[in-house]
*Asks:* 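Supplied in structure tokens, the structure appears directly below.
In listed order, ligands and their atoms are each counted from 1. Heavy-atom basis, side chains included; hydrogens, waters and symmetry copies ignored.
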Amino acid sequence: MKYHTIEMLTSAVSPAQYPAPNLPEIALAGRSNVGKSSFINAMVGRQGVARTSSQPGKTQTLNFYEIDHQFRFVDLPGYGYARVSKRERERFNQFISDYLHQRENLVALLLLMDFRHPPTVLDLGMKEFADELEIPYAIVTTKIDKIKRSQYSKHIHSFVQLLDLPSDEALFLFSSEDRTGAADLWDVIHSLVE
Ligand code: GDP
């Protein structure tokens, strides 16, 4: 297993706090608790660098992680947490939307969704939003270790159908427990940032 360097640069609550746009960025979106922090830790082969949230929905910042001094993962605030007010939700939606539309060094978006359950209404909304952006995106389904192999095709089929994907090649199956899927995603990332 290859180890990567990771450095937490900043937790931004406004664009003024973003780091200089001098490296490619790959944003990660997904509902709270989907496994975004675990994804970052598993991709770099380290534990506990990206904070795993004990309080879902509390991380309402854009977290910039610089990887191998080559590119950044940008962890977007998890969506769909019921306990924040509607007004707060709207504010954060705008914050995410502005970042995704305006950030000049953003090269791709990864949409993380929980493999155990069909995509939620919010997942579908995020996918529609991604369709409108001018950057490539991919769907990463998390926690596949929690599903029996014999059930994979049923779950894949449900994602392809509900998300209206051209084929199952648009899905990347991932587990942060055993790093299944990490090598394929590194290939994609290298092609995006080199
Ligand atoms: P975040 O809110 O999206 O950053 O989610 P976290 O990374 O904090 O993960 C939420 C919970 O799901 C934690 O208890 C993780 O240990 C667990 N988790 C995340 N990814 C996986 C996975 O691939 N497999 C398993 N079994 N658990 C996972």
*Asks:* Using a 3.5 Å distance criterion without hydrogens, assess whether the side chain of T141 forms a donor-acceptor pair with backbone atoms of F115.
*Replies:*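 No, the answer is negative, given that no donor and acceptor are paired below the 3.5 Å cut-off.
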*Asks:* If you measure every N/O of R31 against every N/O of ligand 1, is any gap under 3.5 Å?
*Replies:* no
*Asks:* Which bit of N33 gets closer than 4.0 Å to ligand 1, counting heavy atoms only: side chain, backbone, both or neither?
*Replies:* both
*Asks:* Provide the number and element of each atom of ligand 1 under 4.0 Å from a heavy atom of S175.
*Replies:*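 Reading through ligand 1 atom by atom, the close ones are 23 (O).
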*Asks:* Would you check the N or O atoms of S38, main chain and side chain alike, for any that come under 3.5 Å of an N or O of ligand 1?
*Replies:*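 Yes; the residue has a nitrogen or oxygen that sits under 3.5 Å from a nitrogen or oxygen of the ligand.
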*Asks:* Would you say G35 has any N or O atom under 3.5 Å from an N or O of ligand 1, going by distance alone?
*Replies:* yes
*Asks:* Counting heavy atoms only, which of K143, R179, E177, K36 is nearest atom 17 (C) of ligand 1?
*Replies:* K143
*Asks:* Hey, does K146 come in under 3.5 Å of ligand 1, counting only N/O atoms on both sides?
*Replies:*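 There is no such contact.
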*Asks:* Do any nitrogen or oxygen atoms of T142 come within less than 3.5 Å of a nitrogen or oxygen of ligand 1?
*Replies:* no
*Asks:* What is the ring orientation for W186 with F73, classed by angle as parallel under 30°, tilted 30 to 60°, or perpendicular over 60°?
*Replies:*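 Tilted: the ring planes of W186 and F73 meet at 30° to 60°.
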*Asks:* Do V107 and L23 sit in the same hydrophobic cluster, where Ile, Leu, Val, Met, Phe, Trp and Tyr count as joined when their side-chain heavy atoms come under 4.5 Å apart?
*Replies:*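 No, V107 and L23 fall in different hydrophobic clusters.
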*Asks:* Test ring-ring contact (aromatic ring centres under 6.0 Å, His included) on F129 and H101; report intermediate values, then the result.
*Replies:* CA-CA 10 Å; F129 183 92; H101 279 115; 5.3 Å; yes
*Asks:* For K143, give me all partners under side-chain hydrogen bond (donor to acceptor under 3.5 Å, both in side chains), at least two apart in sequence or on another chain.
*Replies:* none
*Asks:* When you measure from the side chain of R46 to the backbone N and O of H4, does any donor-acceptor pair fall under 3.5 Å?
*Replies:*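 Answer holds: yes.
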